[in-house]
Trainee: 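Questions regarding the structure given below will be posed in turn.
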Amino acid sequence: MPKKPTVPIKVTAYLEDGRINSADGIIMLDAILYHAWFYRHAPHVLEGLGGDSVPGAGHIGLPLRQDNGNRYFASRAVYKQESVEVEHWNKRPNFFSADASRHLDKQVGLISTSAGLYRAYRMPQVIRHIEDGRLTFYAVGNADKVIELLDNIPAVGKKAAMGWGIVRKWEVAECPDDYSTMHPEHGLMRPMPVEEMPGLKGYPIMKYAIRPPYWKQCNMRLCYVPIMEAKNDI
């Protein structure tokens, strides 16, 4: 059966309480779908159990169009930001847990909670409050397969286990135009290599990945990056 052609689509995430955890404010749709693909097809990789037995290990089958450089036609989230604040997550070792008791008897000397294995953490997190709790993405892809993957994603942003970024509902609909790279109102929609958009004004230039996983050094290029901390609409 031939593959269904990709078309411009609009993806909307409705957040449970309108909060996301993101230092730079960039939430990428292809990164979300990349995680969803592994969650659905190779969950052992997410658990750190190795990737040699991933089905089709040479190709991650995201239902999105790709250009010649294997960059996906997928945008960042656009949203109205009401406010930004710093919250914290805390980690304090539980020396009384059954697991800890099996290891503590092997330790020599004093146990420090300020450094080393048993360090206690208080980590600041940038929390963004989103108007209407709505994130909007644009892409070129197969709408049916995109929503099928998104059904595996309960939250977006960092530290979802702490309750940030919980998604109440996903919606995917066809869109009349492709806004995965540029939008007439929101401008640049994703990090783009400088050499592909010479002369673009108004965006910082920095090393940034052009495809998921976004933490991986080999995916990074010198890019125009749509970080607009001073504006409400980012």
Side-chain angles (χ1 to χ4, degrees), residues 8-13 15 18-37 60 62 64-87 123-131 134-141 146 153 155-160 164-165 167 175 177-234:
I9 57 175
K10 177 181 178 180
V11 178
T12 306
L15 303 180
R19 298 182 303 161
I20 58 170
N21 181 337
S22 175
D24 62 11
I26 297 178
I27 308 291
M28 295 297 301
L29 178 63
D30 54 356
I32 295 170
L33 292 171
Y34 185 88
H35 184 87
W37 189 93
I60 306 304
L62 300 192
L64 299 173
R65 184 182 298 174
Q66 289 180 277
D67 66 8
N68 293 332
N70 291 327
R71 184 174 63 247
Y72 293 104
F73 283 68
S75 80
R76 62 185 172 93
V78 292
Y79 50 86
K80 291 285 187 178
Q81 180 173 282
E82 294 180 330
S83 62
V84 182
E85 64 184 357
V86 175
E87 297 185 17
M123 301 297 294
Q125 306 291 304
V126 179
I127 307 302
R128 300 167 186 273
H129 294 255
I130 309 306
E131 183 179 293
R134 183 168 59 189
L135 308 176
T136 303
F137 307 84
Y138 295 91
V140 179
V146 166
I153 298 295
V156 297
K158 296 181 179 179
K159 296 294 179 184
W164 294 307
V167 176
C175 185
D177 296 297
D178 171 18
Y179 297 128
S180 61
T181 301
M182 294 294 295
H183 190 283
E185 179 183 353
H186 305 297
L188 185 64
M189 296 294 282
R190 59 167 299 113
M192 288 295 293
V194 170
E195 66 270 18
E196 294 188 27
M197 305 188 79
L200 186 64
K201 303 294 184 182
Y203 298 95
I205 297 175
M206 62 182 71
K207 287 289 288 293
Y208 212 95
I210 60 170
R211 54 168 292 142
Y214 280 83
W215 52 264
K216 205 166 188 178
Q217 287 289 326
C218 65
N219 290 334
M220 293 188 177
R221 307 286 186 275
L222 195 63
C223 290
Y224 292 109
V225 183
I227 298 176
M228 301 177 226
E229 289 292 334
K231 298 182 180 180
N232 257 357
D233 185 8
I234 65 175

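Positions are given from 1 along the sequence.
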Trainee: Between Y79 and E131, is the side chain to side chain contact (heavy atoms under 4.5 Å, CB included) condition met? List the steps.
Mentor: CA-CA 7 Å; Y79 50 86; E131 183 179 293; over 6 Å; no

Trainee: Side chain to side chain contact (heavy atoms under 4.5 Å, CB included) between Y203 and I205: does it pass, once the steps are laid out?
Mentor: CA-CA 7 Å; Y203 298 95; I205 297 175; over 6 Å; no

Trainee: Do the side chain of R76 and the main chain of L188 share a donor and acceptor less than 3.5 angstrom apart?
Mentor: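 A pair under 3.5 Å: yes.
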
Trainee: Residues in side-chain contact (heavy atoms from CB on, under 4.5 Å) with K158, at least two apart?
Mentor: N21

Trainee: Who are the side chain to side chain donor-acceptor pair (under 3.5 Å) partners of D67, not counting sequence neighbours?
Mentor: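 Listed in chain order: R71.
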
Trainee: Do F137 and I32 have side-chain heavy atoms sitting under 4.5 Å apart?
Mentor: yes

Trainee: Supply the atom-to-atom distance I9 CD1 to S75 OG, rounded to the nearest 0.5 angstrom.
Mentor: 9.5 Å

Trainee: Mind checking ring-ring contact (aromatic ring centres under 6.0 Å, His included) for F73 and listing every partner two or more places apart, or none if nothing turns up?
Mentor: none

Trainee: Taking the side chain as C-beta and beyond, is there a heavy-atom pair between C175 and Y138 under 4.5 Å?
Mentor: yes

Trainee: Mind checking side-chain contact (heavy atoms from CB on, under 4.5 Å) for M206 and listing every partner two or more places apart, or none if nothing turns up?
Mentor: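 Counting only residues at least two positions away or on another chain, M206 forms a side-chain contact (heavy atoms from CB on, under 4.5 Å) with P204, Y208, V225, I227.
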
Trainee: Looking at V146 and V11, what are the two nearest heavy atoms and their distance?
Mentor: CG1-CG2, 4.2 Å

Trainee: Keeping the roles fixed (side chain from R134, backbone from T12), state whether a donor-acceptor pair exists under 3.5 Å.
Mentor: no

Trainee: Using every non-hydrogen atom in the two residues, find where P124 and V86 come nearest and quote the distance to one decimal.
Mentor: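 For P124 and V86, the tightest heavy-atom pair comes out as CB-CG1, 3.7 Å.
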
Trainee: For R19, which residues count as a salt bridge (Lys or Arg N to Asp or Glu O under 4.0 Å) partner, sequence neighbours excluded?
Mentor: D17, E87

Trainee: How long is the gap from NZ on K207 to CG on L222, to the nearest 0.5 Å?
Mentor: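 Going from NZ on K207 over to CG on L222, the span is 7.5 Å.
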
Trainee: Decide yes or no for I26 and M28: does some side-chain heavy atom of the first lie under 4.5 Å from some side-chain heavy atom of the second?
Mentor: yes

Trainee: Can you name the closest pair of heavy atoms from D24 and R128 and give their distance?
Mentor: C-NH2, 3.6 Å

Trainee: What's the separation between atom CD1 in I27 and atom CD1 in I20, rounded to the nearest 0.5 Å?
Mentor: 4.5 Å

Trainee: Of all residues at least two apart in sequence or in a different chain, which pass the side-chain contact (heavy atoms from CB on, under 4.5 Å) check with V167?
Mentor: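 Checked V167 against side-chain contact (heavy atoms from CB on, under 4.5 Å); matches are A13, L15, V156, W170.
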
Trainee: When rounded to the nearest 0.5 angstrom, what distance separates CE in M192 from CE in M182?
Mentor: 9.5 Å

Trainee: Mind checking what makes side-chain contact (heavy atoms from CB on, under 4.5 Å) contact with K216, not counting sequence neighbours?
Mentor: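 Once residues adjacent in sequence are excluded, the partners of K216 under the side-chain contact (heavy atoms from CB on, under 4.5 Å) criterion are P213, C218, N219.
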
Trainee: Check the pair V194, M197 against side chain to side chain contact (heavy atoms under 4.5 Å, CB included), reporting the backbone distance first and the verdict last.
Mentor: CA-CA 5 Å; V194 170; M197 305 188 79; over 6 Å; no

Trainee: Checking the side chain of R211 only, and the main-chain atoms of N70 only, is there a donor and an acceptor separated by less than 3.5 Å?
Mentor: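 Such a contact is found between R211 side chain and N70 backbone.
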
Trainee: Assess whether side-chain hydrogen bond (donor to acceptor under 3.5 Å, both in side chains) is satisfied between Y214 and D30, documenting all intermediate values.
Mentor: CA-CA 10 Å; Y214 280 83; D30 54 356; 2.9 Å; yes

Trainee: For A139 versus L29, what's the shortest heavy-atom pair and its separation?
Mentor: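 Residues A139 and L29, closest heavy atoms: CB-CD2, 3.7 Å.
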
Trainee: Only counting residues at least two apart or in another chain, list the ones meeting side chain to side chain donor-acceptor pair (under 3.5 Å) with E85.
Mentor: H129

Trainee: Partners of Y224 by side chain to side chain donor-acceptor pair (under 3.5 Å), sequence neighbours excluded?
Mentor: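 Side chain to side chain donor-acceptor pair (under 3.5 Å) list for Y224, sorted by chain: empty.
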
Trainee: With a 4.5 Å cut-off on side-chain heavy atoms, are Y72 and L33 touching?
Mentor: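 No, every pair of side-chain atoms sits at 4.5 Å or beyond.
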
Trainee: Look only at the side chain of R190 and the backbone of I210, and say whether a donor-acceptor pair between them is shorter than 3.5 Å.
Mentor: yes

Trainee: Which atom pair, heavy atoms only, marks the closest approach of C223 to P193?
Mentor: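 Smallest interatomic distance, heavy atoms only, reads SG-N, 3.8 Å.
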
Trainee: Return the set of residues passing side chain to side chain donor-acceptor pair (under 3.5 Å) with S180 (not counting sequence neighbours), or none when no residue passes.
Mentor: D178

Trainee: How long is the span from the NE2 atom in H183 to the OG1 atom in T136, to the nearest 0.5 Å?
Mentor: 8.5 Å

